[in-house]
Chemist: 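Sending over a structure as structure tokens; questions will come in a sec.
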Amino acid sequence: MIEKIYTLLYKAYGPQGWWPFMNHEDFYHISDYSIPRNKGEVFEVCLGSILTQNTTFTSVVKSLKNLDALHALTPQGIKNLDVETFKLAIKPSDYHNQKAKYILGFIDFFLELQGAIPKREKLLEVLGIGEETADSILLYGYRQTEFKVDAYTKRLLLELGLITQKAKYKDIKKLMQDALEESIEDKKELLITYQEYHALIVQHSKRFYSKKPYGAGCFLKDALPLT
DNA sequence: TTCCAGGCAATAC
DNA sequence: GTATTGCATGGA
């Protein structure tokens, strides 16, 4: 069933090429799964993952462009900014006081890594990094096979009858990973599928699972035998 | 006007 | 462990 949903979404929307970088025209890698290409892109994924918490990505792009204009799209660049200037730059992404604190704390963690891949449990110790943000950073920033679950994922699976309202983050993540791991043996293909799957869910859900009643017009409901 | 945004942490039971 | 609330604001 999980595979079937993926096939249908991919057929409908095509490859998404996530992560969506700030400047899509220059950096958006449709069908190019070599991202991130450098430390700058890794950091941009981390930054975006925190900024997008409970916010639309278009507002995140505004914040990233503000930072870029301040030559502050790097850890040190942000640290060098006046804190109020930094808050103002990320204001379009909302919760700017909280997120400024989160990002400054994350930067210290990021610098200590010295390029190493962070452990998930260590990421979760950073203030402001919860399960979804950790998986977002690992999946898109460090190419680790960690499925990213979000509100859309739960909404969609709930509507399709594959989970109950009680399902927690780790339950949903396990459901997705178990199904995909079983059907996809190639490690790289599995990673790409995780990256594409989440992106496709977002693409689909922005249309059919943003407004109530959730799922109205969703073609997956007709294509799949409801359990 | 109301509802919602690709969550997380703190607090209260 | 689960439920609730504050964080902030623009856009549909």
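Numbered from 1 within each chain, the chains take letters A, B, ... in sequence-line order.
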Chemist: Between A:V126 and A:T133, is any pair of side-chain heavy atoms under 4.5 Å apart?
Modeler: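 Sidechains of A:T133 and A:V126: no contact.
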Chemist: Side-chain N or O of A:K91 less than 4.0 angstrom from OP1 or OP2 on C:dT9?
Modeler: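 It does, given that an N or O in the side chain of A:K91 lies less than 4.0 Å from OP1 or OP2 of C:dT9.
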Chemist: Would you call A:E131 and A:R120 a salt bridge, using N to O less than 4.0 angstrom?
Modeler: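 Counted as a salt bridge, because a side-chain N and a carboxylate O are separated by less than 4.0 Å.
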Chemist: Just to be sure I understand the rule, does A:K99 reach a base, reach only the sugar-phosphate, or reach nothing, if contact means heavy atoms closer than 4.0 Å?
Modeler: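 It contacts nothing in the nucleic acid.
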Chemist: Between the protein and nucleotides 1-5 of chain C, which nitrogen or oxygen pairs come in under 3.5 angstrom?
Modeler:
| unit_1 | atom_1 | unit_2 | atom_2 | d |
| --- | --- | --- | --- | --- |
| C:dT2 | OP2 | A:K168 | NZ | 3.0 |

Chemist: For a 4.5 angstrom cut-off between non-hydrogen side-chain atoms, does A:F147 reach A:I172?
Modeler: no
Chemist: What is the distance from NZ of A:K87 to P of C:dA8, rounded to the nearest Å?
Modeler: 8 Å
Chemist: When you compare the side chain of A:L123 with that of A:F106, does any pair of heavy atoms fall below 4.5 Å?
Modeler: yes
Chemist: Among C:dG11, B:dG6, B:dC4, which nucleotide sits nearest the side chain of A:K62?
Modeler: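 The listed nucleotide nearest to A:K62's side chain is C:dG11.
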Chemist: If I pick the P atom on C:dA12 and the same atom on B:dG6, what distance separates them, to the nearest angstrom?
Modeler: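 Pairwise P distance, B:dG6 against C:dA12, rounds to 13 Å.
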Chemist: Which parts of nucleotides 8-13 of chain B does protein reach within less than 4.0 Å, heavy atoms only, written one letter per nucleotide 5' to 3' as B for base, S for sugar-phosphate only and - for none?
Modeler: SS----
Chemist: So A:F43 and A:F110, would you call those rings parallel, tilted or perpendicular, with 30° and 60° as cut-offs?
Modeler: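 Answer is tilted, since the angle falls between 30° and 60°.
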Chemist: From CZ of A:R207 over to P of C:dA12, roughly how many Å is that when rounded to an integer?
Modeler: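 Atom CZ in A:R207 sits about 16 Å away from atom P in C:dA12.
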Chemist: Considering only C:dA8, C:dT9, B:dG6, which nucleotide approaches the side chain of A:W19 most closely?
Modeler: B:dG6
Chemist: B:dG6 P sits how many Å from A:Y194 OH, rounded?
Modeler: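 Answer to the nearest Å: 23 Å.
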Chemist: In whole Å, what is the span from the CG atom of A:L88 to the P atom of C:dT9?
Modeler: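 Checked: the CG to P distance equals 11 Å.
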Chemist: Toward the 5' end of DNA chain C, which comes first, A:K211 or A:N54, by nearest nucleotide?
Modeler: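 That would be A:N54.
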Chemist: Work out how far the P atom of B:dT11 is from that of C:dA8, and round it to whole angstrom.
Modeler: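 Result for the P pair: 15 Å, nearest Å.
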Chemist: Identify whether any heavy atom of A:S59 sits under 4.0 Å from a base atom; if not, whether one sits that close to sugar-phosphate; answer base, sugar-phosphate or nothing.
Modeler: nothing
Chemist: Does A:K206 get its side chain close enough to the base of B:dG6, under 3.5 Å, for a donor-acceptor pair?
Modeler: no
Chemist: Within the structure provided, determine whether A:Y13 and A:Q203 are in side-chain contact (heavy-atom separation under 4.5 Å).
Modeler: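 A:Y13 vs A:Q203: side chains touch.
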Chemist: Can you tell me how far C1' of B:dG7 sits from CZ of A:F57, to the nearest Å?
Modeler: 15 Å
Chemist: Checking side-chain polar atoms at under 3.5 Å, does A:Q53 have a donor or acceptor matched by the opposite partner on A:Y102?
Modeler: no
Chemist: Using a 4.0 Å heavy-atom cut-off, does A:Y152 contact any base of the nucleic acid, only the sugar-phosphate backbone, or nothing at all?
Modeler: sugar-phosphate
Chemist: Name all pairs fulfilling the salt bridge (Lys or Arg N to Asp or Glu O under 4.0 Å) condition that reach into residues 106-119 of chain A, sequence neighbours left out, sorted by first residue then second.
Modeler: A:K79-A:D108
Chemist: What is the distance from CG of A:L47 to P of B:dG6, rounded to the nearest Å?
Modeler: 17 Å
Chemist: Is there a side-chain contact between A:L9 and A:L220 in this structure, where contact means two heavy atoms from C-beta onward sitting under 4.5 Å apart?
Modeler: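 With C-beta onward as the side chain, the pair touches.
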Chemist: Using the C1' atoms only, state how far B:dT1 lies from C:dT9, rounded to an integer number of Å.
Modeler: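 Rounded to whole Å, the distance is 16 Å.
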Chemist: Rounding to the closest angstrom, what is the interatomic distance between C:dC7 and B:dA5 at atom C1'?
Modeler: 14 Å
Chemist: Evaluate the side-chain proximity of A:P92 to A:N66: yes if any heavy-atom separation is below 4.5 Å, no if none is.
Modeler: yes
Chemist: Extract from the structure each pairing of a protein N or O with an N or O of nucleotides 1-3 of chain B at less than 3.5 Å, listing the distance.
Modeler:
none

Chemist: The criterion is ring-ring contact (aromatic ring centres under 6.0 Å, His included); which residues satisfy it with A:Y152, sequence neighbours excluded?
Modeler: none
Chemist: Quickly work out the A:L51 CG to C:dT9 C1' distance and round it to whole Å.
Modeler: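 Distance, rounded to whole Å: 14 Å.
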Chemist: Take atom CD1 of A:I103 and atom P of C:dC7, then tell me their distance rounded to the nearest Å.
Modeler: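 Value for this atom pair: 19 Å.
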Chemist: Report yes if some heavy atom in the side chain of A:K101 is under 4.5 Å from a heavy atom in the side chain of A:K87; otherwise report no.
Modeler: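 Contact flag for A:K101/A:K87 side chains = no.
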Chemist: Which pairs pass side-chain hydrogen bond (donor to acceptor under 3.5 Å, both in side chains) with one or both residues in residues 160-172 of chain A, sequence neighbours excluded?
Modeler: A:D135-A:Y169
Chemist: Return no unless some side-chain N or O of A:R155 is found under 4.0 Å from OP1 or OP2 of B:dC4.
Modeler: no
